Amino acid sequence: MNSWVNSAEILGSDLPLELSGTGNRRALLMDALREAVRSGRLAPGTRLPPYRSLAADLGLARNTVADAYAELVAEGWLAARQGSGTRVAERAVPVTPAHRPRTPERAARPVHDLVQGQPDPSVFPRTAWLASARRALAAAPDDAFGPGDPHGRPELRRALAGYLARVRGVRAAPERIVLCSGAAHGLRLLAEVVGGPWAAEEYGLPFHRALLASHGVGTRPLGVDADGARVDGLTRRDRAVLLTPAHQFPTGGPLHPGRRAAVVDWARATGGLVVEDDYDGEFRYDRQPVGAVQGLDPEHVVLLGSVSKSLSPTLRIGWMVLPQRLVGPVVTAKGEREQFSSATEQLTLADFVASGAYDRQVRRMRQRHRRRRDQLVAALERRAPHIRVTGIAAGLQAVLELPPGTERSAVRAAAWQGLAVEGLADYLHPGAGQAEGPRDGLVVGYATPAESAYPEALEALCRALPPG
């Protein structure tokens, strides 16, 4: 049966009185509908009455209700399709009000996701990607549908060579680029080819350290401060060093120019390798992007990149820009055929880059992430001015510095607010020996939540923070 809910089910028994009061009735109706979604009274997919019916029920002008519906559709709370009416959007996740008692079962299931590392999947550029796919398939040579070359499709390697030179200051011919399924795949291949031990920043992804260890490559930590990794701790014994120079992950801040030069000097003097994880180098907000370290010495630096932050992690397309001496060994390690990344998706991405659609998507995402970051900073200034936020000049995450000894309790409080967020300690290398003790903080990813859910996610975050 394709019936809709009535006004009482939407608004509750007290809302008609509120709507009959003074003030902007459209704004009051919109607030009431938002609250109905937040509280769970309106579940995702629920069909709303036609605006004429709701207007008659509430004694409002039809235009008032129609305008309210239209604005809530634009905000992402509602979805409207021809012939299907207006419904609660599938991604408008209900949020339990702060005053309602929480059961352990409810607290264990996060309502909001502020874990770093993933863009909002709803902003994937489907129309532009489909247009590139059609053009790419129409122009694809016959060999694109045969056994794949482990180097990757030449069309994409050419497109990336031009793009990375223009945007990231990378110095590489297409022949230096080997495609992979992402940064993790690239690290696996380099671990096999280069061997260990490696040095790594004391704060970083545990997954990367575990991946290297699973291939027999141990890592030892380098200290991290406001200027990035303490590269003066590198030794001749280190075969490679894994860095995030554009925006240290997760603490924020670029590698200081003096340290960029120093790490290249170390590589030249020892024959070591700098592995540059350029995970979010395109997303800088308050100043011009910092060029890749690879541009300083292409023969001693490997640049790793992917589209997981700019497009989607499901595409499984990444790249390695390699010193010439490593191209052959890395391709051999991949195998005789391309097993990891679809040739048709590679061709589509090549067209997406060459047509300018990728630049447009990055600009769009940069504006969106900057707006999200600004909302986070504003919420903290308003609700928790005693909390310092760092690492906000770039990327998709920020660090909230907490008073000593409060990180674990803040993570637990966030869970009770229905919020998934991680502590800074989760990223600390187990071998790190910090003289002043570990830093307390929360790593807040601000890219994932839907637009309609983000304000409530920030409110939940502020409620979880220790008092000033």
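Values below: all heavy atoms of this structure, side chains included; hydrogens, waters and symmetry mates excluded. None of these values were measured; they are calculated from a predicted model.
Defined by atom type and a distance below 3.5 Å, a donor-acceptor pair is missing between the side-chain atoms of E155 and Q346. Q294 and R171 are not linked by any side-chain donor-acceptor pair at a separation below 3.5 angstrom, with hydrogens and angles left out of the test. A donor and an acceptor atom, one from each side chain of D351 and T348, are nowhere located under 3.5 Å apart. Counted by atom type alone, T244 and E201 present one or more donor-acceptor pairs between their side chains at under 3.5 Å.
Judged by distance alone, the side chain of R87 and the main-chain N or O of G45 form a donor-acceptor pair under 3.5 Å.
Considering only heavy atoms from C-beta on, Y279 stays 4.5 Å or farther from S306 through its side chain.
The existence of a salt bridge linking R166 and D359 is confirmed by a sub-4.0 Å separation between a basic side-chain nitrogen and an acidic carboxylate oxygen. Between R368 and D120 there is a salt bridge, since a side-chain N of the basic residue sits under 4.0 Å from a carboxylate O of the acidic one. We find that E276 and R260 are not joined by a salt bridge, their nearest charged nitrogen and carboxylate oxygen being 4.0 Å or further apart. At a threshold of 4.0 Å, the pair D225-R259 counts as salt-bridged, since one of the basic side-chain nitrogens sits closer than that to a carboxylate oxygen. A salt bridge between E407 and R439 is absent, with no side-chain N of the basic residue lying under 4.0 Å from a carboxylate O of the acidic one. Ion pairing of R153 with D143 is present here, as a side-chain N (NZ or NE/NH1/NH2) and a carboxylate O approach within less than 4.0 Å. Using a cut-off of 4.0 Å between Lys/Arg side-chain N and Asp/Glu carboxylate O, R383 and E459 are scored as salt-bridged.
Taking CD of Q118 as the reference point, atom CG of D113 lies at 7.0 Å (rounded to 0.5 Å). Here L164 contributes atom CG and W319 contributes atom CH2; the two are 6.0 Å apart, rounded to the nearest 0.5 Å. Distance check: H247 NE2 to I392 CD1 gives 9.5 Å after rounding to the nearest 0.5 Å. Interatomic distance, OG1 of T332 versus CG of L326, reported as 11.5 Å (0.5 Å rounding). Note that OG1 of T448 and CG of L396 are 8.0 Å apart. Values are rounded to the nearest 0.5 Å.
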TODO: Check the pair R220 / E202 against salt bridge (charged side-chain N to carboxylate O under 4.0 Å, His left out), numbers first and verdict last.
DONE: CA-CA 8 Å; R220 64 178 192 85; E202 65 179 355; over 6 Å; no
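Between Q116 and the options V444, L205, V421, a side chain to side chain contact (heavy atoms under 4.5 Å, CB included) holds for only L205.
Geometrically, R316 does not engage F340 in a cation-pi contact, judged by NZ or CZ lying under 6.0 Å from the ring centre and within 45° of the ring axis. The cationic group of R168 does not satisfy the cation-pi geometry with Y163, failing either the under 6.0 Å distance to the six-membered ring centre or the 45° limit from the ring axis.
Two rings, from Y446 and Y454, have their centers 6.0 Å or more apart.
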